[in-house]
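Here is the structure we will look at, set down as structure tokens.
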Amino acid sequence: MSEQSRTLPPEALDAWADALRERFDLSPEELPVALILDLARDVALGVARPAAPFSAFAAGLVAGRAGGSPEDIAAAVAVITAMANEWEV
């Protein structure tokens, strides 16, 4: 993979998100790209950049344990976003 292909805009994730949705039988509501990117941004800015992917994974884990519905996903993301916005080192 070239360096250029690793720096594409977020919209370029559509094909990848579609492939993941197809492979794992997920709806757009179950794999909300914009919501997850916003979470990653908020955590990267509020906590630390390396915390972003880790926090996205945690959001998925928490949402899955709660049932995995789009509402569960949104709730997990909301809690982690609030934590990041209040984070002080």
Side-chain angles (χ1 to χ4, degrees):
M1 181 173 280
S2 72
E3 183 61 32
Q4 181 181 6
S5 66
R6 291 181 177 268
T7 59
L8 294 174
E11 299 79 28
L13 293 176
D14 291 343
W16 178 245
D18 288 343
L20 290 172
R21 288 180 186 120
E22 183 177 329
R23 173 65 175 88
F24 296 107
D25 193 28
L26 300 169
S27 70
E29 294 78 23
E30 292 170 314
L31 190 61
V33 174
L35 182 69
I36 299 305
L37 291 177
D38 288 349
L39 169 67
R41 177 202 60 220
D42 293 343
V43 170
L45 295 175
V47 181
R49 191 173 190 148
F54 181 75
S55 298
F57 178 84
L61 183 61
V62 169
R65 287 183 174 175
S69 73
E71 294 79 17
D72 296 327
I73 297 165
V77 167
V79 169
I80 293 172
T81 298
M83 290 176 64
N85 290 334
E86 297 170 359
W87 188 255
E88 294 183 28
V89 179

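For this chain, numbers begin at 1 and follow the sequence in order.
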Side-chain polar contacts of residues 75-83 - donor-acceptor pairs under 3.5 angstrom, sequence neighbours left out - could you list them?
{"from": "Thr81", "atom 1": "OG1", "to": "Val77", "atom 2": "O", "distance (Å)": "2.9"}

Which donor-acceptor pairs under 3.5 Å do the side chains of residues 28-48 make with protein atoms, sequence neighbours left out?
{"from": "Glu29", "atom 1": "OE1", "to": "Ser27", "atom 2": "OG", "distance (Å)": "3.2"}
{"from": "Glu30", "atom 1": "OE1", "to": "Ser27", "atom 2": "N", "distance (Å)": "2.7"}
{"from": "Glu30", "atom 1": "OE1", "to": "Ser27", "atom 2": "OG", "distance (Å)": "3.4"}
{"from": "Asp38", "atom 1": "OD1", "to": "Arg41", "atom 2": "NH1", "distance (Å)": "3.2"}

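A distance of 11.5 Å separates CG of Asp18 from CG of Leu26, quoted to the nearest 0.5 Å.
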